[in-house]
Structures are given as structure tokens and as C-alpha cells.
Protein chains: 2
Amino acid sequence: MTPDLTRNQSLVMKTLSGAEAPLSAYTILDRLRDDGLRAPLQVYRALDKLLDMGLVHRLESLNAFVACAHPHTHEQELIAFAICENCGKVEEFSDEVVKERLDGWAKSHRFRAAKTTIEIRGDCGGCEAKG
Amino acid sequence: MTPDLTRNQSLVMKTLSGAEAPLSAYTILDRLRDDGLRAPLQVYRALDKLLDMGLVHRLESLNAFVACAHPHTHEQELIAFAICENCGKVEEFSDEVVKERLDGWAKSHRFRAAKTTIEIRGDCGGCEAKG
DNA sequence: AAGGATATGTAATGTCATAACATATTGGCC
DNA sequence: GGCCAATATGTTATGACATTACATATCCTT
Ligand SMILES: [Zn+2]
Ligand SMILES: [Zn+2]
Ligand SMILES: [Zn+2]
Ligand SMILES: [Zn+2]
């Protein structure tokens with residue numbers, strides 16, 4: 001069972017869910033000033049918990065955060081992100097073959113993987129279409 | 001033909017080549033104080049060029065840089081990094097199947113990939129062996 | 001009600017990266 | 001050699017991202 005969210009966690013989650021693109025912690029903070037948030041730590045602490053719960057992902061190449069597009073569906077699987085550098089939209093996907101290949105490399109090199117990041121930067125179909 | 005490196009580029013390259021683990025720009029700067037470097041920008045500018053030349057890679061999940069382990073050998077291929085969170089060592093590898101799968105996803109979603117990041121964080125064989 | 005665990009508030013600081021502007025060096029061309 | 005443009009360098013200030021440290025409040029179990 002997913003635990004209930006605290007006030008700050010709810011505020012941060014709502015902000016990310018309503019966003020079209022990834023947001024930095026400081027942008028989230030700015031959008032929550034009217035709700036009483038004042039300091040970066042209030043956001044970072046909420047983000048930490050939301051990351052633990054799998055409701056939010058961190059995009060390493062952007063230093064920003066997105067709401068998970070498929071909560072509860074990727075328990076153990078590998079997640080990849082396609083990030084449009086033009087409109088900012090992010091697509092989440094997973095590929096079993098990619099996971100198998102990376103697991104295979106790790107196993108053959110005695111590497112114990114804790115977390116894997118896959119991020120593709122480029123231009124999405126919507127943006128390409130518009131030229 | 002690879003262009004010759006300038007003074008600052010050489011200094012930064014030498015520092016990275018001699019390092020056991022990825023270094024942040026500011027750590028590189030600290031190690032080059034005695035050689036006359038004073039400001040972050042001197043390092044960042046050198047890094048930009050070295051990245052362009054493919055002699056250095058940036059690790060997004062670490063905000064740090066490593067010397068390329070196989071210069072000139074990965075022209076267009078996808079590079080993955082296995083990063084030990086214990087000893088800091090980084091292994092570079094590539095996998096044609098992974099590349100094909102990600103290319104396939106991109107093609108089917110009309111996504112034009114510009115740069116792909118794959119970083120596996122965990123513990124390397126050497127560290128596992130020691131417990 | 002007591003006490004521990006969890007959540008929150010706040011200030012200060014640390015870490016990573018770039019903008020803006022001045023000066024110096026390099027290298028082709030006449 | 002002298003000129004000019006391109007490239008590289010030096011320096012200061014500032015912006016952007018993240019954490020440490022400490023105080024207070026709230027929740028939950030006993
Ligand atoms: Zn997700
Ligand atoms: Zn787009
Ligand atoms: Zn390389
Ligand atoms: Zn190790």
C-alpha cells in the first residue's frame with residue numbers, strides 16, 4: 001500500500017503532475033511560494049520521498065524532475081527517457097532487450113548495478129513535424 | 001587529423017588521464033593551481049573542446065568528467081558507462097544490440113536522437129571481491 | 001501523558017556552470 | 001615584415017543546483 005503523501009509532498013507532486021515538461025527543484029519552489037513554501041530544502045525533501053515511492057523520476061542530464069507517467073507499473077524494470085530539447089516533453093519507456101543486454105554486461109563483469117540511467121536527448125516527432 | 005591541444009587543454013587532459021576516477025571541473029582546477037590556472041572558466045573551456053574532440057566524456061549522473069578510455073574508436077557508436085560508487089572507477093563499453101533497440105524506439109516514435117546517455121551506477125567486481 | 005519517529009521551518013553554505021568583458025596569441029594574406 | 005581575423009586566455013561577477021546544521025512541530029504508539 002502506498003503511504004499517504006504529506007502536505008509538502010502533495011504540493012510538489014501536484015506541481016509536477018500538472019507540468020508539461022520537467023521542472024527543476026527551484027522552479028517547483030517558485031510555483032509553491034503562494035502555498036507557503038520558502039526554502040529549497042522543503043522541495044528537495046519532498047522530492048526525495050517521492051523518488052523513493054517511485055512517483056517521480058530525476059532526469060540526470062537536466063538536473064530536473066518529472067512525474068512518473070506510469071506509476072506502480074515499473075517495479076524492477078529499466079526505464080529510459082526520451083527528452084525533447086525543443087518542447088521539453090519527456091517520454092518514458094522500457095525495453096526488455098536493452099535491460100537484458102545491460103544485465104548481461106554487468107554479470108560478465110561482476111558489476112552489481114544499483115541504478116541505471118538512460119536518457120535520449122533530441123527532438124520529438126511533434127517538433128520535427130513543425131520544422 | 002586531431003588538432004594539437006592548447007596549453008590549458010593539455011593541462012586538463014593530462015589531469016584527467018592521470019586520474020583514477022572522474023573529476024569535477026573544480027577538482028581539476030584545484031589540481032592545476034600550481035600551473036597557473038585560476039578560474040573555473042579556464043577549465044570549462046578546455047573541457048568543452050576536449051568533449052568536442054571526443055577525448056573526454058561527461059558523466060551526467062556525477063557532474064564529472066573522465067578521459068576517454070578508447071579515443072578515436074567510437075565515432076558514432078553509443079557509449080555506456082559503468083560507474084563504481086565505491087572506488088569511483090569507470091568502465092566504458094558499447095553494445096550494438098542496445099544501440100539498435102534504442103534507435104528502433106526512436107525511429108518508431110519519430111524521435112530524432114542527438115545524444116544518448118547510459119550510466120550504470122553500482123559496485124564493481126574489484127570492490128565486491130573485497131566485501 | 002510520555003517518548004520516539006517523522007515532518008517541517010530557516011539560515012547558511014557548498015558545489016556546479018556561465019555571462020560579460022578585456023587582453024593576448026596564432027596564423028593566413030598582402 | 002605588417003595587417004587582420006580567428007582563436008585562446010585571463011578575470012570578475014553572477015546564476016543554478018544541492019546539502020549541512022539546527023530548531024520546532026506533528027504524528028503515532030504505548
Ligand atoms: Zn515512471
Ligand atoms: Zn518536442
Ligand atoms: Zn570514450
Ligand atoms: Zn569499485
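Residue numbering restarts at 1 for every chain, and letters A, B, ... go by the order of the sequence lines. When reading the values below, keep in mind they use all heavy atoms of this one structure, side chains included, and skip hydrogens, waters and symmetry mates. Since this is a predicted model, take the numbers as computed values, not measurements.
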Could you check A/L23 against A/R31 for side-chain contact (heavy atoms from CB on, under 4.5 Å), going step by step and ending with a plain yes or no? CA-CA 10 Å; A/L23 301 178; A/R31 297 191 182 182; 3.8 Å; yes

Between protein and nucleotides 8-10 of chain D, what N or O pairs are separated by less than 3.5 Å?
from	atom 1	to	atom 2	distance (Å)
D/dA8	OP2	B/K49	NZ	3.4
D/dT9	OP1	B/T6	OG1	3.0
D/dT9	OP1	B/R7	N	3.4
D/dT9	OP1	B/N8	N	3.3
D/dT9	OP2	B/T6	OG1	3.4
D/dG10	OP2	B/N8	ND2	3.1
D/dG10	OP2	B/Q42	NE2	2.3
D/dG10	O5'	B/Q42	NE2	3.3
D/dG10	N7	B/R45	NH2	2.5
D/dG10	O6	B/R45	NH1	3.1
D/dG10	O6	B/R45	NH2	3.3

Sub-4.0 Å heavy-atom contacts from residues 17-30 of chain B onto DNA chain D, ordered by number: none

Contact under 4.0 Å: A/N63 side-chain N or O vs D/dA18 OP1/OP2: yes

Donor-acceptor check, side chain of A/S17 to backbone of A/M13, threshold 3.5 angstrom: yes or no? yes

Whether the side chain of B/R101 engages the backbone of A/D95 through a donor-acceptor N/O pair (distance < 3.5 Å, no angle test) should be reported. no

Checking the side chain of B/T15 only, and the main-chain atoms of B/L11 only, is there a donor and an acceptor separated by less than 3.5 Å? yes

Whether B/Y44 and B/Y26 hold their rings parallel, tilted or perpendicular, with breakpoints at 30° and 60°: perpendicular

N/O donor-acceptor pair under 3.5 Å between A/E100 side chain and A/V97 backbone: no

Using atom CG of A/L59 as one end and atom P of D/dA18 as the other, report the distance to the nearest whole Å. 11 Å

Bend angle of the helix from C/dA1-D/dT30 to C/dC30-D/dG1 from five-pair axes at both ends, rounded to 10°? 30°

Using distance only, find each side-chain donor-acceptor pair of residues 52-65 of chain A under 3.5 Å and give its atom names and separation, not counting sequence neighbours.
from	atom 1	to	atom 2	distance (Å)
A/H57	NE2	A/H74	NE2	3.3
A/H57	NE2	A/E92	OE2	3.1
A/R58	NE	A/E60	OE1	3.1
A/R58	NH2	A/N63	OD1	3.0
A/S61	OG	A/E119	OE1	2.5
A/S61	OG	A/R121	NH1	3.2

Non-hydrogen side-chain atoms of A/I79 and A/T116 separated by less than 4.5 Å: no

Start and end of chain B contact along DNA chain C [non-hydrogen atoms, under 4.0 Å]: C/dC16 to C/dA20

Quick test: give all pairs of protein nitrogen or oxygen and nucleotides 24-28 of chain D nitrogen or oxygen below 3.5 Å, distance rounded to 0.1 Å.
none

Judged by atom type as modelled, is there a donor-acceptor pair below 3.5 Å linking the side chain of A/R33 to the main-chain atoms of A/R38? yes

